[in-house]
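Notes for the one structure printed next.
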Amino acid sequence: MSMRVELDEPKCVASGQCVMAAPEVFDQREEDGVAIVLDDGPAPELHDGVREAAAICPAAAIHLVER
Amino acid sequence: MSGILARPADGTTPPDRAYPMTRDLTCPLAPPPGLHTARAESPVGRVRIWNGTTPWLITRHADQRALLVDPRVSNDDHEPGFPYVNAHRAAIAHATPPLITNTDAPEHTRLRRMVNAPFLVKRIEAMRPAIQKIVDDLIDTMLDGPKPADLLTALALPVPSLVIAELLGVPYADHDFFQSNSNLVLDSDASADEARRASGALTGYLDTLLGEKLTAPGEDVLSGMGRRVTAGEMTRTEAVHMGVAMLIAGHETTATMISLGTLALLQHPDQLALLRDDDDPRTVAGAVDELLRYLTIVQTGVRRVAKEDISIGDQVIRAGDGIIFDLAAANWDPEAFPEADRLDLRRPARTHQAFGYGPHQCLGQSLARLELQVVYGTLYRRVPTLTLAAPLDQLAFDHTGTTYGVRCLPVTW
């Protein structure tokens, strides 16, 4: 199964929850904490963490396309 | 008016449920039982609040998640239908400048991004050794002192106060001043006058301190905001109000989770044993989220107002209606957390809403999690014989604050 990670940046409130759930896939900009996608096509072993990141994002700013 | 509520035989409209609801005093760690009734009978239903108005109360986890990210749901407390927490908050709403606590996107996004930098997950994580030292030192002092000790004054209050004072750049020596005034601002039992004086005292204090940081900046958050004021990115009033908000939000909440969390664990020895015997950081992190879910200490609800008509379930929330989200109701929703009334440190609890949900979710949550991980991961390992030194039914709980809590927690070992 492949996964594509999309971030709706204007919605991001920089809570950093995605970084806690999937540090291999997300980081935060130094100046304001806005999320950065490090890997928009993460390997299968990272999918659970990414799904958790999407589920707990308080701004619902992470969209996953899985096929 | 909810159509689901049973109507009395005489055909008159039934009284709305009063909110906040009262707890069952024999189950002091559980949310008010009325919340479960509300969730089962009318998950989107009216309640009556202090000023006689009847905003909507949303009690299901899924409904809260949907509405708290809905742009039609506003945090603007200048709107006439806004369901204020108390008379003080109603009185100051129009005098409060735009802050992260009372604005919507895009203004909220601008303000929030202005104050996010110190709370970056990696920056917070870097504070772990310093927080560990604070916790170790306080436990040393407690163990050297007389038994029983009050866990609140020995550990629960000083940990977050020391940390937030350090982070913000506020002298810890002033903690009596900022603690007592914060309590007055948050206590719904305090008169509107008392709350206004306390809030004014904190504002004056932070303004003076900010003035000093403008002349002699340091590496702390207040100095950082001072630099943004100088650069014209933020007004001085915004910086002062943000400082006050962080000071208030940063210590009582975490202190309560330390004391109430310890009390909950002492009531569930099998769960306490998990924390004492397993030092895997993932176990400790999971325990923190489960305790946050189980205790959900914010007891006055997240308050919003509808900007447009919103259909939800079989109800229509009209533009201008107030909306209250009770976080404990969502966190004890069996559809989201099976056997929600059971404290289970191994359950996946990460989707709890103890920090709220949506763009206004707690700014300091990573810091709070870190402080709790250090305390829960240290206290029971270092003091394995820790026990309660008073009967549960003799403890005094705080039913009137924004957050629930225990006023004193005598422990021995």
Side-chain angles (χ1 to χ4, degrees), chain A, chain B residues 61-62 64-71 75 100 103-106 108-125 224 227-228 233 281-282 285-286 288-289 302 336 348-370 373:
Chain A
M1 184 185 280
S2 77
M3 175 186 273
R4 199 172 77 245
V5 183
E6 293 171 358
L7 174 71
D8 187 349
E9 195 193 286
K11 274 190 178 176
C12 175
V13 291
S15 76
Q17 297 309 293
C18 52
V19 184
M20 293 177 91
E24 304 87 351
V25 177
F26 299 97
D27 200 353
Q28 287 178 284
R29 277 201 311 239
E30 282 289 314
E31 66 274 23
D32 59 8
V34 168
I36 304 165
V37 179
L38 299 172
D39 179 0
D40 65 0
E45 64 270 23
L46 301 175
H47 288 186
D48 281 351
V50 177
R51 284 189 203 105
E52 177 171 281
I56 63 178
C57 172
I62 299 169
H63 305 289
L64 304 180
V65 184
E66 296 192 60
R67 59 178 110 226
Chain B
H61 186 269
Q64 292 195 4
R65 274 178 73 94
L67 288 174
L68 283 168
V69 293
D70 190 321
N75 197 17
I100 57 171
T103 48
D104 300 319
H108 169 261
T109 318
R110 180 186 75 83
L111 292 168
R112 176 112 176 189
R113 289 181 180 188
M114 207 81 82
V115 293
N116 266 327
F119 296 96
L120 253 64
V121 170
K122 284 178 180 165
R123 220 162 269 166
I124 293 296
E125 187 55 35
R227 277 189 282 271
R228 287 187 187 265
E233 297 170 5
R282 284 169 300 185
V288 167
D289 275 303
V302 163
R350 202 57 179 72
T351 53
H352 71 73
Q353 284 160 197
F355 291 118
Y357 188 69
H360 296 277
Q361 194 181 50
C362 178
L363 174 66
Q365 61 177 303
S366 300
L367 178 60
R369 279 198 174 90
L370 173 60
Q373 285 169 12

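Chain identifiers are assigned alphabetically (A, B, ...) following the order of the sequence lines, protein sequences preceding nucleic acid strands; residue numbering begins at 1 within each chain.
- Contact annotation for B/V121: both backbone and side-chain heavy atoms come within less than 4.5 Å of a heavy atom of chain A.
- Among the residues in residues 59-67 of chain A, those with a non-hydrogen atom closer than 4.5 angstrom to a non-hydrogen atom of chain B are A/A59, A/A60.
- Distance check: A/I56 CD1 to B/F355 CZ gives 11.5 Å after rounding to the nearest 0.5 Å.
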Could you go step by step and tell me if B/R350 and A/M20 meet the side chain to side chain contact (heavy atoms under 4.5 Å, CB included) rule? CA-CA 11 Å; B/R350 202 57 179 72; A/M20 293 177 91; 4.0 Å; yes
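- Contact residues of residues 6-15 of chain A toward chain B are A/E9, A/P10, A/C12, A/V13, A/A14, A/S15 (heavy-atom distance under 4.5 Å).
- Contact of B/R113 with chain A is made through backbone and side chain together, with heavy-atom distances under 4.5 Å.
- Looking only at atom types and distance, the side chain of A/Q17 has a donor-acceptor partner in the side chain of B/Q365 under 3.5 Å away.
- Taking the side chain to side chain donor-acceptor pair (under 3.5 Å) definition, one finds that A/Q28 meets it with nothing, sequence neighbours left out.
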Evaluate the salt bridge (Lys or Arg N to Asp or Glu O under 4.0 Å) criterion for residues A/E30 and B/R123: first the C-alpha distance (whole Å), next the side-chain angles of each, then the deciding distance (0.1 Å), finally the verdict. CA-CA 9 Å; A/E30 282 289 314; B/R123 220 162 269 166; 2.4 Å; yes
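- Looking at B/H108, the atoms closer than 4.5 Å to chain A (heavy atoms on both sides) all sit in the side chain, from C-beta outward.
- Listed in order of number, the residues of residues 36-53 of chain A that approach chain B to under 4.5 Å between heavy atoms are A/E52.
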Set out, in order, the CA-CA distance, both residues' side-chain angles and the distance that settles salt bridge (Lys or Arg N to Asp or Glu O under 4.0 Å) for B/K122 and A/D27, then state yes or no. CA-CA 9 Å; B/K122 284 178 180 165; A/D27 200 353; 2.9 Å; yes
